[in-house]
Amino acid sequence: MSGNYNLTEGALQNIMRGGDPTDPIVQVLGTKKIQNSSEKEKERYRLLLSDGKFTISFAMISLQPGERCIPNFSVIVLKQYITSVVNNASKTEQRILLVLEFEILHSGETVGKKLGTPTQLTDADSKPSSSSNGTLTAKTNGNAPSTYKPNSSSNVSVSDGVSIAGQLAHPISSLSPYHNKWVIKVRVGNKSAIRTWSNSKGEGKLFSCDFIDESGEIRCTAFRDLVDKFYEMLQIDKVYYVSKCQLKPANKQFNTVKNEYEMTMTNETVIQECLDADPNIPQTKYDFTPIDKLAHIEVGTLIDVIGVCKNSSELVTFQAKTTGRELKKREVTLIDQTRSAIALTLWGNDAESFDGTNNPVVVIKSAKLGEFGGGKNLSTIASSQMRINPELQECYRIRGWYDSEGVNIDATNISARSEMGNFNTPWMCFKDVQDQSLGNAEKGDYYQVMGTILLMRSENCIYKACPSEKCNKKIVDLETGMYRCEKCGTEYPSFKYRLLASMNVGDWSGNQWVSMFSNEAEKVLGLTAQEVGEQVDNQSQTMASIVDKANFKQFVLKCRAKMETYNDEARLKTVVVRVDPINYEEYNAHLIERIQALMSA
DNA sequence: CCCCCCCC
């Protein structure tokens with residue numbers, strides 16, 4: 001008897017007839033691994049299950065690689081399952097039970113034997129009884145049932161133009177290249193833009209989309225004329241019946257959708273919208289990474305991110321250096337509850353259509369993590385999916401946080417550049433620089449030094465520059481009230497002042513001539529370039545008296561040193577890329593380290 | 001059958 005273990009007698013027959021009992025308790029009598037052709041994420045097992053009255057062998061379960069299958073005689077409860085009709089080798093239809101979630105109630109060891117005397121469920125036993133021929137259910141357990149009204153014919157063909165809507169759907173997880181008679185009922189979670197290609201094998205266009213159902217997800221790609229046929233029809237978030245696509249092993253290099261297969265539309269492919277959209281079919285699943293964590297994740301990783309648009313740039317158009325293609329981008333700064341911000345670069349359509357007014361919540365599925373100048377950034381790629389203010393729990397939460405708090409905070413920007421990854425700039429003294437013959441690296445050598453300004457030159461320290469934002473080129477005063485920039489080839493009615501300072505900096509070991517541009521020179525002088533220019537112009541100060549105040553000030557200087565040949569003479573050119581006040585704690589730590597190194601030498 | 005994803 002199965003008595004003590006409370007097997008749900010008759011449950012398997014009920015399920016195979018399309019019924020939907022809650023938490024049925026069954027016993028595992030045997031397991032067999034299903035051989036598969038490709039390396040894959042999940043391992044599939046065929047199960048022999050008993051409910052104490054009947055046994056079925058058409059049950060399947062997917063497990064993580066290496067996960068041990070359920071031991072024989074275990075008593076388990078089926079928390080989530082789905083049934084599906086598949087074609088077997090003899091081309092007849094067979095209903096199978098897919099176990100999606102279970103719990104072991106009693107270990108196989110404890111039970112130790114087959115419970116009761118179950119008999120094999122026959123085909124006749126599993127056919128729906130005449131009283132239940134109206135509606136079949138195929139669903140996960142526990143939620144409101146999703147019902148499907150089967151077609152009048154129980155053996156529906158999908159190849160002859162007959163409607164495929166309303167059929168009992170197969171789960172995505174049951175699809176494989178080995179049978180092609182299936183219909184899936186899926187939501188479109190993502191749809192790419194139409195892309196064209198041209199290479200030695202030919203040219204064409206394509207788009208791809210990701211289908212989702214309760215059992216999993218799969219990518220589907222359409223080429224050439226099938227793009228025209230299906231691109232407009234398939235819309236993100238809508239539900240469709242899909243059949244007759246070709247399956248092949250997924251190319252994991254480019255496809256991050258969690259399925260060992262991907263599929264391609266063919267001329268036989270039939271897609272029909274499902275109008276009584278089923279809320280149980282899931283939406284795109286997100287696995288959001290908080291922004292502060294992105295600082296420590298490997299570059300190149302695909303990331304799901306949610307953030308409030310703190311600000312966004314204008315649309316920028318430029319030519320790609322390598323391909324010559326015209327590119328469009330827009331920079332967006334995202335901020336989240338970790339009080340961190342990151343730059344997100346949108347490309348193409350995403351960039352064009354983006355509107356940052358009113359600080360929308362931005363959700364990106366599969367953004368690519370990048371790095372620039374020591375800071376991290378995110379970038380959309382072809383398979384990224386952006387949503388603005390989506391109806392998600394996380395979206396409401398971050399909206400509330402931003403409106404009440406985030407709007408006012410000064411976030412840590414993990415995209416902040418430090419010219420060269422600030423963190424690892426080695427401390428040196430000028431004698432080290434000399435001894436180590438620095439400056440031969442392609443991009444120059446970087447170091448930081450605690451230095452004293454010994455002499456700042458007043459000659460040619462300030463100049464009138466092109467007023468356009470990016471251009472700092474010296475401008476020609478046409479003496480007509482207009483100024484001409486040779487670089488931009490434009491005449492402007494105004495100019496801006498810029499500093500280009502040359503100074504001799506010393507430390508305990510030596511000295512070095514260095515140059516610095518406006519941003520750094522302003523910190524040294526304690527005046528903006530504009531203020532310097534005006535004071536000299538209105539003669540309230542001379543340039544000499546302004547630079548004199550800089551002498552003998554001390555700073556931490558981050559320097560880039562590079563050997564350059566000048567009139568056949570090699571000399572070390574040093575640019576101060578960053579000026580900071582002295583952080584004594586950090587500088588002392590460096591000195592202590594240096595002393596200890598000397599003592600142990 | 002694509003699979004480049006760009007720039008500072």
Side-chain angles (χ1 to χ4, degrees), chain A residues 177 190-210 218-231 245-257 259 261-269 299-303 312-333 342-352 354 364-386 413-421 443 468-472 517 519 560 577:
Chain A
N190 188 16
K191 185 176 81 164
S192 78
I194 297 172
R195 202 169 71 230
T196 57
W197 84 88
S198 173
N199 59 28
S200 57
K201 290 177 210 157
E203 55 182 54
K205 59 181 173 180
L206 72 134
F207 80 98
S208 63
C209 55
D210 299 339
I218 193 164
R219 171 155 302 172
C220 182
T221 305
F223 291 96
R224 303 173 200 276
D225 51 327
L226 295 169
V227 173
D228 303 325
K229 193 169 175 186
F230 291 116
Y231 188 78
C245 294
Q246 189 183 3
L247 277 103
K248 60 177 183 181
N251 187 337
K252 291 293 176 187
Q253 197 186 340
F254 307 110
N255 180 355
T256 53
V257 171
N259 198 309
Y261 302 116
E262 59 190 27
M263 55 196 206
T264 307
M265 293 181 194
T266 72
N267 289 324
E268 273 71 56
T269 294
V299 168
T301 309
L302 295 177
I303 300 289
S312 58
S313 77
E314 295 298 302
L315 185 70
V316 179
T317 306
F318 64 97
Q319 281 213 317
K321 267 185 184 165
T322 44
T323 61
R325 243 161 68 174
E326 190 188 80
L327 302 174
K328 289 186 175 130
K329 70 157 184 175
R330 192 192 299 267
E331 300 282 345
V332 175
T333 305
I342 191 165
L344 164 70
T345 309
L346 304 176
W347 298 93
N349 287 342
D350 286 337
E352 275 183 284
F354 186 83
I364 309 268
K365 174 90 189 163
S366 272
K368 192 172 170 182
L369 188 67
E371 193 168 9
F372 180 63
K376 290 283 174 49
N377 59 62
L378 289 171
S379 189
T380 54
I381 58 172
S383 55
S384 302
Q385 175 195 325
M386 176 171 68
N413 188 348
I414 67 166
S415 299
R417 299 202 288 273
S418 48
E419 195 78 22
M420 40 99 36
K443 290 179 179 170
S468 82
E469 198 188 335
K470 284 285 155 102
C471 181
N472 293 322
F517 299 103
N519 280 350
R560 180 179 61 231
V577 297

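Each chain gets a letter, A, B and so on, in the order its sequence line appears, and its residues count up from 1.
When the P atom of dC5(B) is taken as reference, atom CZ of F318(A) falls 13 Å away, rounded to whole Å. Going from atom CZ of R219(A) over to atom C1' of dC3(B) covers 10 Å, rounded to whole Å. Note: CZ (F207(A)) to C1' (dC3(B)) measures 17 Å, nearest angstrom. In this structure, NZ of K205(A) is placed 16 Å from P of dC2(B), rounded to the nearest angstrom. Counting to the nearest Å, the P atom of dC4(B) and the NZ atom of K201(A) are 11 Å from each other. Nucleotide dC1(B) holds its C1' atom 5 Å from the CZ atom of F223(A), rounded to whole Å. Counting to the nearest Å, the P atom of dC6(B) and the CG atom of L378(A) are 12 Å from each other. Atoms CZ (R330(A)) and P (dC6(B)) sit 19 Å apart, rounded to a whole Å.
K248(A) comes within contact range of at least one nucleobase, with a heavy-atom separation under 4.0 Å. Within 4.0 Å (heavy atoms only), E262(A) reaches at least one base atom of the nucleic acid.
Of the two residues near DNA chain B, R195(A) and L226(A), the one whose nearest nucleotide lies more 5' is L226(A). Nearest-nucleotide assignment on DNA chain B puts the 5′-proximal partner with R325(A), out of R325(A) and Q319(A).
Considering only side-chain N and O atoms, N199(A) lies nowhere under 4.0 angstrom from the phosphate OP1 or OP2 of dC1(B).
Residue side chain W197(A) fails the stacking definition with respect to dC2(B), as its ring centre and the base's six-membered ring centre are not both under 5.5 angstrom apart and under 30 degrees in plane angle.
Of all heavy-atom pairs spanning K368(A) and G300(A), the tightest one is CG-O, 4.0 Å. Heavy-atom minimum distance, L226(A) versus M265(A): CD1-O, 3.3 Å. The minimum heavy-atom distance between G202(A) and W197(A), with the atom names listed, is O-NE1, 3.6 Å. Nearest heavy atoms, L344(A) versus S379(A): CD1-N, 4.2 Å.
S313(A) places no side-chain N or O within donor-acceptor distance of the main-chain N or O of R330(A), the cut-off being under 3.5 Å.
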